[in-house]
Amino acid sequence: MRIIETVWITLSDGCRLAARMWLPDAPGPVPAILEYLPYRRRDRHRGDDAILHPALAEAGYAAVRVDMRGAGDSDGLMNDEYTPQEWSDACEVIAWIAAQPWCAGAVGMIGISWSGFNALQIAALRPPALKAIVTACSTDDRYADDMHYMGGVLLNDNLQYGATLFTWTPTPPDPDIVGDGWRDIWLERLQAMDQPPPARWMRHAVRDDYWRSGSVCEDYAAVQVPVLAVGGWADGYTNTVLRLLENLPGPRKGLIGPWGHAFPHIATPGPQIDFIGYVTRWFDHWLKGERTGIMDEPMLTCWMQEAEPARARYPARRGRWVAERRWPAESPGARILHLAAGGLQPAASPPFAITVCSPATTGIASGEWCPYGWGPDMPGDQREDDAGSACFDGPVADTSLQILGRPIINIELAADRPQAMIAVRLNAVGPDGASIRITYGLLNLTQRNGHDRCEPLVPGGHYTVRLPLKAVAFELPAGFRLRVAVSTAYWPLAAPLPTRAVVTLYAGSVELPLRNDIIDPCAAPDLGAPRSPAPVPARVLVPPQRGRLRLVRDMDDGDTTLEVARNLGALMLEETGLRLDALGRETYRVNALDPLSASSEAVRSAGFQRGDWQARLEVTTRLSADHDGWRLESSLDAFDHDRAIFSRRWEDYFPFFPGARPGGEVS
């Protein structure tokens, strides 16, 4: 295998993109696999995603990692994600790769998160040389299933991920690659950051054209190439795989494990699998034309989670692999249970009136929207959140029940305020009373008629809402009971509304998508034991730390503070001699009786050092609210050594109902 540290790909407009390549020791041209990156291709935070590329080269592929325009060592500017420029450049890169003498003309794409998103988006443009993709931990719907909004409810991940992106988008290029002009390039990137990413996303509070762009669900038929879609039940992107299997017109396969936001050979919770071998079989079939048998296997393979005590971190999840020959699968149909004054019942009950006005801290056991699995970021025992919710319990199950798909909640309700939200959780309650979250969903009730509009509630008016919960595979064992828990807050996963709405529930039902392996029995394939080549050589100077670290409650005034670590740590990357620091934290505060007191703050820093070259970025974003809207305060500072070379401040205001009050940048 031959590694080429930097190759310049010149685009039609003269912009040069920096690439790193792993070429196999193989006679003649070979197929290629592209990862198209928004971050620095040579810097690895943990050293584990880059290890795919040497393995792909060993399997006979040219593996290519490319810094997209404005990222890493590439030319140009970038200040937003998923843009037509990003996709157009990628199509040129694919054509360039296919035309190289070492390439056989067939190109695949692989990516996770942002690179998983753009693999789908670029596939929809149908560049001729692109023959197959692997998309992991991604979405086909940028509004419904990304880190910004869930059911129209603003997520605090919009703030924390926005702070991360604000830090890593305008990073400096490497002087060893671009030369003495690195500082001018860096300053140009910093100046191009015209607004904080969280502000851009909050300007689009409904599903408008901004979110439709790049959402392949707008036209599934545009994606013709074979797609291997990979996800994890612990990840934030749990719905994508099943939707792609149901809607894509071409060859497709889905794989969902118990994993967080990571590739399956290194992801936690386990078990991990031989993902390198699985991906190699996929590309061998579609790029080399070899009979690997992978397309003879079931369309969907997933981990059926089994009940176990809830923990904030799992080394592995209890369960087993199951498979479906096709998706949607043949099934016994949905089981419908009805909400009633006495709990969950198989038959519709007379109307009731149950009010819920949750403490603003309800949701403290939620875990994170997008767990990575290597810190305490999973949902815990739900009993505290259940106490702040209206709960409907079913009877004790006398046989096990397999749920696979998206449960759907239908509720008739009223609210006493023009705006309100509901969070609905489907829980498994054990004989000891412990409550395990199976899945959940959020709904901004002002978007009850569609996420493309925002309509105030008429206080006291009755509304019927339909809320699909997140996709899940879970087996409810005999001796457990199902619980539907409805709350009006889900902090800090959701940014709290500033008023305590009282919501009255009158009727409802839950549709459970059941699985029955007797109808169409199908054995899961052997996914193998995980194997990972040696990671990028690095010395850990500051160990990584991630997840919810500390919960503090003031017993005198009821204030609650949650502290979250977002530290990727500090590494000395031995092959490039670079010290990379990536540190972050979040602080969420609220008073249980006063949601108007809520604030969310994310702080990030990224540092780069080699010899006497030192560059550092620092970002702070803070979200608060008044009765009319959100206030977002942001700052971006850059340092050459310890001397500030760039500083900018923003203050933005976003009315809950547009037109209520003006706002904008005041720096």
**Report entry** Presence of salt bridge, Lys288 and Asp284, under 4.0 angstrom
**Finding:** yes
Query raised in the report: Is Arg550 salt-bridged to Glu563, cutoff N-O under 4.0 Å?
Result: yes
Query raised in the report: Would you call the rings of Trp369 and Tyr237 parallel, tilted or perpendicular if under 30° counts as parallel and over 60° as perpendicular?
Result: perpendicular
Report task. For the pair Arg548 and Glu586, find out whether any cationic side-chain nitrogen is under 4.0 Å from an anionic carboxylate oxygen. Result -> no
Query raised in the report: Counting only N and O atoms by type, is there a donor-acceptor contact under 3.5 Å from the side chain of Ser358 to the main-chain atoms of Thr488?
Result: yes
Query raised in the report: Which atoms form the tightest heavy-atom contact between Ile411 and Ile422, and what is the distance?
Result: CD1-CD1, 4.4 Å
Query raised in the report: Is it true that atom CZ of Arg320 has more than 12 heavy atoms of other residues, nucleotides or ligands lying nearer than 6.0 Å?
Result: yes
**Report entry** Note, Ile294 side chain near Tyr278 side chain (heavy atom, < 4.5 Å)
**Finding:** yes
Report task. State whether Glu475 and Arg318 are salt-bridged, where the test is any N-O pair (Lys NZ or Arg NE/NH1/NH2 against Asp/Glu carboxylate O) under 4.0 Å. Result -> no
Query - Glu58: side chain to side chain donor-acceptor pair (under 3.5 Å) partners, not counting sequence neighbours - result: none
Query raised in the report: Looking at side-chain heavy atoms only, is the closest gap between Trp233 and Phe474 below 4.5 Å?
Result: no
Requested in this report: Determine the minimum heavy-atom distance between Glu368 and Gly547, stating which atoms define it.
Outcome: OE2-CA, 4.0 Å
Query raised in the report: Under the salt bridge (charged side-chain N to carboxylate O under 4.0 Å, His left out) criterion, do Asp386 and Arg483 qualify, and how do the steps go?
Result: CA-CA 9 Å; Asp386 290 350; Arg483 170 175 292 165; 2.7 Å; yes
Query raised in the report: Would Trp114 and Tyr82 satisfy ring pair (Phe, Tyr, Trp, His ring centres under 6.0 Å), going step by step from the backbone distance to the final call?
Result: CA-CA 8 Å; Trp114 186 325; Tyr82 319 128; 5.3 Å; yes
Report summary line: Distance col, row Trp282:CH2 vs Ile133:CD1, nearest 0.5 angstrom, shows 8.5 Å
Requested in this report: Please determine if Arg515 and Glu324 form a salt bridge, counting it only when a charged side-chain N lies under 4.0 Å from a carboxylate O.
Outcome: yes
Requested in this report: Verify, without hydrogens or angle tests, whether Asp235 (side chain) and Thr238 (backbone) share a donor-acceptor contact under 3.5 angstrom.
Outcome: no
Query - Atom pair CG/CG of Asn516 and Leu404 - distance to nearest 0.5 Å - result: 12.0 Å
Query - Over all atoms of both residues, closest heavy-atom pair of Ala307 and Ile436 - result: CB-CD1, 4.2 Å
Query raised in the report: Taking it one step at a time, do Arg243 and Asp141 satisfy salt bridge (charged side-chain N to carboxylate O under 4.0 Å, His left out)?
Result: CA-CA 10 Å; Arg243 276 202 304 259; Asp141 191 328; 5.2 Å; no
Report task. Spell out, as yes or no, whether a donor-acceptor pair under 3.5 Å connects the side chain of Asp526 to the backbone of Gly528. Result -> yes
Query - Check against side chain to side chain donor-acceptor pair (under 3.5 Å), Tyr149 and Asn444 - result: CA-CA 10 Å; Tyr149 297 92; Asn444 178 347; over 6 Å; no
Query raised in the report: Sub-3.5 Å donor-acceptor pair from the side chain of Ser138 to the main-chain atoms of Ser113, do we have one?
Result: no
Query raised in the report: Under a 4.0 Å N-O cut-off, is there an ion pair linking Arg425 with Asp385?
Result: no
Query raised in the report: Atom CD1 in Ile364, atom OH in Tyr588: separation rounded to 0.5 Å?
Result: 11.0 Å
Report summary line: salt bridge (charged side-chain N to carboxylate O under 4.0 Å, His left out) filter on Arg546, not counting sequence neighbours, yields none
Query - Closest contact, heavy atoms only, Arg311 versus Ala316 - result: NH2-O, 4.4 Å
Query raised in the report: Do we see a donor-acceptor contact under 3.5 Å between the side chains of Ser435 and Asn427?
Result: yes
Query raised in the report: Are the side chain of Arg325 and the backbone N or O of Pro521 linked by a donor-acceptor pair below 3.5 Å?
Result: yes
Query - Close side-chain approach of Leu337 and Leu512, heavy atoms under 4.5 Å - result: yes
Query raised in the report: So with a 6.0 Å cut-off around CZ of Arg585, is the heavy-atom count from everything else above 12?
Result: no
Query raised in the report: Between CD1 of Ile110 and CG of Leu52, what distance do you get to the nearest 0.5 Å?
Result: 5.0 Å
Query raised in the report: Restricting to pairs with a member in residues 380-400, which pass ring pair (Phe, Tyr, Trp, His ring centres under 6.0 Å), not counting sequence neighbours?
Result: Phe352-Phe392
**Report entry** Glu218/Arg207 ion pair, N-O < 4.0 Å
**Finding:** yes
Report summary line: What one should report as the nearest heavy-atom pair of Ala341 and Ile354 is CA-CD1, 4.4 Å
**Report entry** Side-chain donor/acceptor of Asn156 to backbone N/O of Leu493, under 3.5 Å
**Finding:** no
Report summary line: Here the gap from Ser349 atom OG to His338 atom NE2, rounded to the nearest 0.5 Å, amounts to 8.5 Å
Report task. Please name the pair of heavy atoms, one in Trp22 and one in Pro54, separated by the smallest distance, quoted to 0.1 Å. Result -> NE1-CG, 3.7 Å
Query - Donor-acceptor contact present, side-chain Arg252 to main-chain Gly250, <3.5 Å - result: yes
Report task. Please confirm whether the backbone N or O of Ala334 pairs with a side-chain atom of Glu511, one donor and one acceptor, at under 3.5 Å? Result -> no
**Report entry** Ala323 backbone acceptor or donor facing Thr301 side chain under 3.5 Å
**Finding:** no
Report task. Could you tell me how the ring of His148 sits relative to the ring of Trp211: parallel (under 30°), tilted (30 to 60°) or perpendicular (over 60°)? Result -> tilted
Query raised in the report: Lys253 side chain to Ala229 main-chain N or O, any donor-acceptor pair under 3.5 Å?
Result: no
Report task. Decide yes or no on side chain to side chain contact (heavy atoms under 4.5 Å, CB included) for Tyr372 and Thr268, but give the supporting numbers first. Result -> CA-CA 7 Å; Tyr372 280 67; Thr268 53; over 6 Å; no
